[in-house]
Protein chains: 2
Amino acid sequence: MIDERKQRILQAIIDDYISSAEPVGSRTLARKHDLGVSPATIRNEMADLEMLGYLEHIHTSSGRIPSSKGYRFYVDGLIPPKPVTDEERALIDRWYKARVKRIDEVFQETARLISQVTRNVSMVLAPQVSQAAFRCLQFLPLDEQRVIAVIMTDAGFVENKIVGMPSGATFEDFQRMAGVINHCLAGCTLRSIQGPALKQIRDEIREESLYEAALEVIQRALDSEKRERLYLGGTRHMLEQPEFHDVEKIKDILLMLEEEELIKDILHAHMGDGLEVTIGQENENRRIKDCSIITATYHLDGELLGTIAVLGPTRMEYAKAMSLLEYMNTNLADVIRRFHW
Amino acid sequence: MIDERKQRILQAIIDDYISSAEPVGSRTLARKHDLGVSPATIRNEMADLEMLGYLEHIHTSSGRIPSSKGYRFYVDGLIPPKPVTDEERALIDRWYKARVKRIDEVFQETARLISQVTRNVSMVLAPQVSQAAFRCLQFLPLDEQRVIAVIMTDAGFVENKIVGMPSGATFEDFQRMAGVINHCLAGCTLRSIQGPALKQIRDEIREESLYEAALEVIQRALDSEKRERLYLGGTRHMLEQPEFHDVEKIKDILLMLEEEELIKDILHAHMGDGLEVTIGQENENRRIKDCSIITATYHLDGELLGTIAVLGPTRMEYAKAMSLLEYMNTNLADVIRRFHW
DNA sequence: GTTAGCACTCTTGGACGGCGAGTGCTAACC
DNA sequence: GGTTAGCACTCGCCGTCCAAGAGTGCTAAC
């Protein structure tokens, strides 16, 4: 149905278009790539490819540009592998070593790195603390009315909150409470803290006012970290794309990138097993129908932690972005492990 | 030198230009504002104002636009007061109540609020933890090799870090270390922790390996919070300004806004006592010579905490932005106090 | 001092035409 | 039958031209 020569021509067109952003015509294509056939033949093949839906025509007498279907075919089979170079690996290594001192900096810097190397917008969805397992809770005295609750999870996160003490309660009461909570919640994921565990805590604590306070502590441990963090990088690269040289279009994209919830939804929707590429029209959201998104999930010890992604115009360097994401998502596990115990 | 009628005309021109973004001509000005004189007279006055440097001419035969000097005169004297409305106050109040649960959210939300109300870019420089006073340090056991250090400061910040224990040291050693550190550093600002205090700690701790560990703890308490946090809001408003309808210009501004250090420097440079307005050419950085910055500092109990600012085109609504910042910087103190003890 | 009138300037937007790149089709070629 | 040269045709792009509109500066009259 689509023979080897057609494939070569399609690949040449897409490669050209990706690097030039100009519709490509038969003459120039024949000149640049040594395809061994004349422009006229290429024209015929192009007409066929268009008929089959792999190419598009802005108007009569302008070169062809790839359609979403064309990119899809390219990504699924034609794409020339473009592995991460040694320099890039070295850059990534140095970057993490120099800039990441605390675990929460990992994600911001990962976003920066991805956007720098791919020259596109990057998105990093950091692990949700709430799906980490509860490890231990401790209190520190602060003053007569307050204590600091320090909550640790298995994934290596430590959080602290200031909690008010109910009148009449002492710090010793809170220490007792910590013992009960630690006992009842050991190993629970934060998300799975539900009725039964709470009931057990209630039974063991007995005192109503203390139980209320315990609830508040648990509640606050949960709710402030319930929403996963999203980090963006390199939004400015969108400004450099010729397809967004129109202020209205760029506005549309930049405004969308400010809608954190929307982006998170998109990332969730695309969160597959490994590398997933969504091209142009394939996107459900019409505001990014001129863009492609490549997502990859990263894991630690078999557990899904989060997603990293690249967003760019459909005319993006898929090969580079894909191999980088693949590299980053294994690398990321190692970096996180360094902060882990 | 610049009589009352000239002032009225200058004010009318600036008000018009601020709301329309179009150069204003004598005829339209006469029609819109009831100045009691004919266009010809206005033309004469305009010519005078231009001679004096308050107005500019893009080319012969186009209307006038205010110069930086013109805006300066306007801001210093002509500006019609535009107090924060009751609705705006209510909005601000509701916003803080609904969205701010933790102190570090105050600044991000303040930035959002300012940009929303002024429809311009906002910048918020959060207080530096390192100029807060050290309050207390405590350790919690984590595992055989590590402890969690929890550091509290007077300004209401609590930070935690994971610290490795030197081999041979026990958790009890660390507790003793905490006692020494708390004793020696009580009341010091984090920034002022210098040689003498450290020497005292060394003398009291005695053991070299423990002292090294103590140094690491102090070091990490300092360095991760040394750099103050910057929050931006509403960069998209720049996209809506007609003067930045050119992609190159918008790129210039947006790229600059991504340079955190640069922005911080600018804010520091403009950090005056109260409200400070820097207009167009008055800016040292030529990349914002088409912009104005209004900065205001906020305090708590007499101590300077940080800066809030609005960045917009020179043609911005100074009156509104100024009164809002003035309101916000008193309000902010109250909001912070809520998290304070 | 103020104003009406007028000549002049400059931008904006639409119309027009030539140029260049590209297509589609046909007829000839291997 | 696939391949190619040739040719007519189509558009977008760009520069020019022209008229309309907004505004200025100057002069002379009030």
(request) Would you please enumerate the stems DNA chain D participates in, each stem being three or more consecutive Watson-Crick or G-U wobble pairs with both distances under 3.5 Å? (result) C:1-30 with D:1-30
(message) If you define the side chain from C-beta out and look only at heavy atoms, does anything of B/Leu125 sit under 4.5 Å from B/His268?
(response) yes
(request) Using a 4.0 Å heavy-atom cut-off, write out nucleotides 11-24 of chain C from 5' to 3' as B (base contacted by protein), S (sugar-phosphate only) or - (no contact). (result) S----------BBB
Partners of [X] by ring-ring contact (aromatic ring centres under 6.0 Å, His included), sequence neighbours excluded?
{"X": "B/Tyr327", "value": "none"}
{"X": "A/Tyr74", "value": "none"}
{"X": "B/Tyr231", "value": "none"}

Separation of [X] atom [atom1] from [N] atom [atom2], in whole Å?
{"X": "B/Glu56", "N": "D/dG23", "atom1": "CD", "atom2": "C1'", "result": "17 Å"}
{"X": "A/Glu45", "N": "C/dC25", "atom1": "CD", "atom2": "P", "result": "15 Å"}
{"X": "A/Asn44", "N": "C/dA27", "atom1": "CG", "atom2": "C1'", "result": "13 Å"}

(message) Using modelled atom types and a 3.5 Å cut-off, is there a donor and acceptor pairing between side-chain atoms of B/Asn283 and backbone atoms of B/Asn285?
(response)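 No; zero donor-acceptor contacts below 3.5 Å.
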(request) Would you check if the side chain of B/Asn329 reaches a backbone N or O of B/Thr297 as a donor-acceptor pair within less than 3.5 Å? (result) yes
Got a list of protein N/O to nucleotides 17-19 of chain D N/O distances below 3.5 Å?
none

With rounding to the nearest 0.5 angstrom, report the [atom1] to [atom2] distance, [X] to [Y].
{"X": "A/Ser67", "Y": "A/His57", "atom1": "OG", "atom2": "NE2", "value": "13.0 Å"}
{"X": "A/Lys251", "Y": "B/Glu240", "atom1": "NZ", "atom2": "CD", "value": "5.0 Å"}
{"X": "B/Leu113", "Y": "B/Glu88", "atom1": "CG", "atom2": "CD", "value": "10.5 Å"}
{"X": "A/Leu10", "Y": "A/Gln7", "atom1": "CG", "atom2": "CD", "value": "8.0 Å"}

So which pairs with a foot in [range] pass salt bridge (Lys or Arg N to Asp or Glu O under 4.0 Å), sequence neighbours left out?
{"range": "residues 9-24 of chain B", "result": "B/Asp16-B/Lys32"}
{"range": "residues 36-48 of chain A", "result": "A/Arg5-A/Glu45, A/Lys6-A/Glu45, A/Lys6-A/Asp48"}
{"range": "residues 275-285 of chain A", "result": "A/Arg72-A/Glu282"}

(request) With a 4.0 Å heavy-atom cut-off, tell me which residues in residues 32-39 of chain A come close to DNA chain D, sorted by residue number. (result) A/Val37, A/Ser38
(request) Pull out every residue in residues 2-17 of chain B that has a heavy atom closer than 4.0 Å to any atom of DNA chain C, ordered by number, or say none. (result) B/Arg5
Return all side-chain donor-acceptor pairs below 3.5 angstrom for residues 243-250 of chain B, not counting sequence neighbours, or 'none' if the list is empty.
unit_1: B/Glu243; atom_1: OE1; unit_2: B/Arg315; atom_2: NE; d: 3.1
unit_1: B/Glu243; atom_1: OE1; unit_2: B/Arg315; atom_2: NH2; d: 2.9
unit_1: B/Glu243; atom_1: OE2; unit_2: B/Arg315; atom_2: NE; d: 2.8

(request) Begin from the C-alpha positions of B/Leu91 and B/Val117 and carry the test side chain to side chain contact (heavy atoms under 4.5 Å, CB included) through to its verdict. (result) CA-CA 9 Å; B/Leu91 166 75; B/Val117 175; 4.1 Å; yes
